[in-house]
Amino acid sequence: MADAQPSSLSSGCVAVILPAAGRSRRFAAAGEKKVFATLGDRPVWQHAVECLRRRPEIGPVVIAIAAEDRQQWESQRTTLDALGVTLCEGGRERSDSVRNGLEQVGDCSLVAIHDAARPLVPEEDIEAVIATAQRCGAALLATPVRATLKRVSADAASCQTLDRQGVWEALTPQVFHTTVLRQAYQRWQGRAVTDDAQLVERSGHPVRIVSGSAINMKITHPEDLRIAAALLNT
Ligand SMILES: Nc1ccn([C@@H]2O[C@H](COP(=O)(O)OP(=O)(O)OP(=O)(O)O)[C@@H](O)[C@H]2O)c(=O)n1
Ligand SMILES: C[C@](O)(CO)[C@H](O)COP(=O)(O)O
């Protein structure tokens with residue numbers, strides 16, 4: 001699925017930040033935070049880290065966590081240590097969590113941001129987005145929107161069909177030269193953004209799209225866990 005050349009990067013040169021400090025409001029019906037939900041035989045976050053750890057380019061891994069979840073994370077200390085994960089404090093918005101993580105990643109030349117709630121990212125997509133970011137400074141995985149899209153009136157009494165030509169859904173990992181992402185965060189004025197590429201776009205640096213698999217879904221709603229479980233077994 002991915003479209004980049006093979007990577008010749010040195011081992012451990014990509015630091016990873018996994019934002020995991022969200023409140024799982026859209027997942028709330030399932031009764032627990034989605035990053036801790038069990039998929040197969042382990043938590044969602046663990047799948048995400050294990051997918052990344054398959055790639056030799058991956059170095060330090062930092063997970064940004066909510067203060068209220070600290071005890072639950074510490075109860076998984078053995079697994080965290082085995083996977084070489086350190087924890088940092090998350091923030092109110094996703095971007096606050098990533099910014100805190102950026103202070104922890106040290107001097108790796110590249111940094112990858114990957115949602116802890118995306119447990120199924122294929123290895124070849126990780127490799128491809130890293131290789132493209134290495135060449136271009138900033139890259140994200142994305143997949144073309146497949147559905148027919150409607151803009152619906154507030155009362156749902158009418159709708160208009162949107163043109164989906166050239167519209168892609170952003171995925172993660174999103175990978176950047178660490179200097180590029182740090183600069184984008186320095187210029188950030190605290191306006192709401194839903195991904196890191198948006199901050200880099202705003203800083204004036206072009207962001208490359210790498211076509212990724214839609215299997216790399218995010219757990220957002222309770223039914224997503226059932227879909228992910230089915231995909232895990234294929
Ligand atoms: N303040 C926040 C908000 C989100 N995230 C993380 O960013 C990822 C993607 O965000 P999203 O799917 O929106 O997660 P939540 O914010 O938890 O979901 P919701 O909006 O339904 O509450 C998740 O791994 C989430 O834990 C984070 O680290 N810090
Ligand atoms: C970062 C992200 O996963 C890219 O698809 C996404 O934007 C997270 O937030 P969302 O509110 O669920 O879109």
Side-chain angles (χ1 to χ4, degrees), residues 16-37 39 43-52 61-70 72-73 76 85-105 111-121 125-126 129 138-147 149 167-176 181 184-185 188 190-202 207-225 227-228:
V16 176
I17 300 167
L18 291 110
R23 290 165 57 192
S24 299
R25 280 163 293 204
R26 290 168 287 179
F27 190 76
E32 64 182 333
K33 288 201 181 174
K34 58 194 182 184
V35 292
F36 298 121
L39 175 61
V44 164
W45 73 264
Q46 190 178 337
H47 286 278
V49 175
E50 285 174 355
C51 286
L52 291 157
V61 174
V62 178
I63 302 186
I65 66 163
E68 70 205 26
D69 299 334
R70 168 77 58 183
Q72 195 162 356
W73 284 104
Q76 303 179 56
V85 173
T86 57
L87 302 177
C88 78
E89 206 162 295
R92 208 170 77 90
E93 304 295 335
R94 184 183 180 281
S95 39
D96 298 314
S97 299
V98 173
R99 189 184 45 186
N100 289 354
L102 264 176
E103 286 168 17
Q104 307 287 315
V105 295
V111 60
I113 317 299
H114 182 61
D115 292 326
R118 289 190 191 269
L120 299 175
V121 55
D125 288 7
I126 302 169
V129 71
L140 79 152
L141 289 175
T143 189
V145 165
R146 296 144 189 249
L149 302 175
V167 179
W168 292 56
E169 177 183 341
L171 309 171
T172 68
Q174 302 189 349
V175 186
F176 309 94
L181 190 62
Y185 267 89
W188 173 46
R191 286 168 296 185
V193 290
T194 52
D195 74 353
D196 306 286
Q198 205 176 326
L199 286 178
V200 174
E201 292 154 25
R202 281 184 185 171
V207 181
R208 281 291 179 100
I209 293 283
V210 175
S211 180
S213 168
I215 285 174
N216 180 13
M217 61 182 291
K218 181 161 70 66
I219 308 295
T220 304
H221 298 278
E223 66 265 31
D224 294 331
L225 198 61
I227 297 169

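Atoms within a ligand are numbered from 1 in the order they appear, just like the ligands themselves.
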Look only at the side chain of [X] and the backbone of [Y], and say whether a donor-acceptor pair between them is shorter than 3.5 Å.
{"X": "Asp96", "Y": "Glu93", "value": "yes"}
{"X": "His114", "Y": "Leu52", "value": "no"}
{"X": "Lys34", "Y": "Ile219", "value": "yes"}
{"X": "Thr172", "Y": "Asp115", "value": "yes"}
{"X": "Asp224", "Y": "His221", "value": "yes"}

Atom indices of ligand 2 within 4.0 angstrom of [X] heavy atoms, with elements:
{"X": "Arg26", "result": "10 (P), 11 (O), 12 (O)"}
{"X": "Arg94", "result": "1 (C)"}
{"X": "Asp195", "result": "1 (C)"}

* Asked: Among the heavy atoms of Arg118, does any lie under 4.0 Å from an atom of ligand 2?
  -> yes
Any nitrogen or oxygen of [X], side chain or backbone, less than 3.5 Å from one on ligand 2?
{"X": "Asp115", "result": "yes"}
{"X": "Thr172", "result": "no"}
{"X": "Gln174", "result": "no"}

* To do: Taking atom CD of Glu201 as the centre, report whether more than 12 heavy atoms of other residues, nucleotides or ligands fall under 6.0 Å from it.
  => yes
* Asked: To the nearest 0.1 Å, how far is atom 7 (O) of ligand 2 from its closest protein heavy atom, and which atom is that?
  -> Thr194 O, 3.0 Å
* Structure fact -> The closest protein heavy-atom partner of atom 5 (O) of ligand 2 is Ala170 O, 2.5 Å
Between atom [atom1] of [X] and atom [atom2] of [Y], what is the distance when rounded to the nearest 0.5 Å?
{"X": "Leu102", "Y": "Ser97", "atom1": "CG", "atom2": "OG", "answer": "11.5 Å"}
{"X": "Glu68", "Y": "Lys33", "atom1": "CD", "atom2": "NZ", "answer": "3.5 Å"}
{"X": "Asp125", "Y": "Ile215", "atom1": "CG", "atom2": "CD1", "answer": "9.0 Å"}
{"X": "Gln174", "Y": "Ile17", "atom1": "CD", "atom2": "CD1", "answer": "12.0 Å"}

* For ligand 2, the portion of Glu169 having any non-hydrogen atom under 4.0 Å away -> neither
* To do: Answer yes when Arg94 and Asp196 have at least one side-chain N-carboxylate O distance shorter than 4.0 Å, and no when they do not.
  => yes
* Please indicate, with yes or no, if any protein heavy atom is found under 4.0 Å from atom 11 (O) of ligand 2? => yes
List, for ligand 1, each N/O atom that has a protein N/O partner under 3.5 Å away, with both atom names and the distance.
{"residue": "ligand 1", "atom": "1 (N)", "partner": "Gly91", "partner atom": "O", "Å": "2.9"}
{"residue": "ligand 1", "atom": "1 (N)", "partner": "Arg92", "partner atom": "O", "Å": "2.9"}
{"residue": "ligand 1", "atom": "1 (N)", "partner": "Glu93", "partner atom": "O", "Å": "3.3"}
{"residue": "ligand 1", "atom": "1 (N)", "partner": "Arg94", "partner atom": "N", "Å": "3.4"}
{"residue": "ligand 1", "atom": "5 (N)", "partner": "Gly22", "partner atom": "N", "Å": "3.4"}
{"residue": "ligand 1", "atom": "12 (O)", "partner": "Lys34", "partner atom": "NZ", "Å": "2.7"}
{"residue": "ligand 1", "atom": "12 (O)", "partner": "Lys218", "partner atom": "NZ", "Å": "2.6"}
{"residue": "ligand 1", "atom": "13 (O)", "partner": "Arg26", "partner atom": "NH2", "Å": "2.9"}
{"residue": "ligand 1", "atom": "14 (O)", "partner": "Lys34", "partner atom": "NZ", "Å": "3.1"}
{"residue": "ligand 1", "atom": "17 (O)", "partner": "Arg23", "partner atom": "N", "Å": "3.1"}
{"residue": "ligand 1", "atom": "17 (O)", "partner": "Ser24", "partner atom": "N", "Å": "2.8"}
{"residue": "ligand 1", "atom": "18 (O)", "partner": "Lys34", "partner atom": "NZ", "Å": "3.4"}
{"residue": "ligand 1", "atom": "20 (O)", "partner": "Arg26", "partner atom": "NE", "Å": "3.4"}
{"residue": "ligand 1", "atom": "20 (O)", "partner": "Arg26", "partner atom": "NH2", "Å": "3.0"}
{"residue": "ligand 1", "atom": "21 (O)", "partner": "Arg25", "partner atom": "N", "Å": "3.3"}
{"residue": "ligand 1", "atom": "21 (O)", "partner": "Arg26", "partner atom": "N", "Å": "2.8"}
{"residue": "ligand 1", "atom": "21 (O)", "partner": "Arg26", "partner atom": "NE", "Å": "2.9"}
{"residue": "ligand 1", "atom": "22 (O)", "partner": "Ser24", "partner atom": "N", "Å": "3.3"}
{"residue": "ligand 1", "atom": "22 (O)", "partner": "Arg25", "partner atom": "N", "Å": "2.7"}
{"residue": "ligand 1", "atom": "22 (O)", "partner": "Arg25", "partner atom": "NE", "Å": "3.2"}
{"residue": "ligand 1", "atom": "24 (O)", "partner": "Pro19", "partner atom": "O", "Å": "2.8"}
{"residue": "ligand 1", "atom": "26 (O)", "partner": "Ala21", "partner atom": "N", "Å": "3.3"}
{"residue": "ligand 1", "atom": "26 (O)", "partner": "Gly22", "partner atom": "N", "Å": "2.9"}
{"residue": "ligand 1", "atom": "28 (O)", "partner": "Ala20", "partner atom": "N", "Å": "3.1"}
{"residue": "ligand 1", "atom": "28 (O)", "partner": "Ala21", "partner atom": "N", "Å": "2.8"}
{"residue": "ligand 1", "atom": "28 (O)", "partner": "Ser97", "partner atom": "OG", "Å": "3.3"}
{"residue": "ligand 1", "atom": "29 (N)", "partner": "Ser97", "partner atom": "OG", "Å": "2.7"}

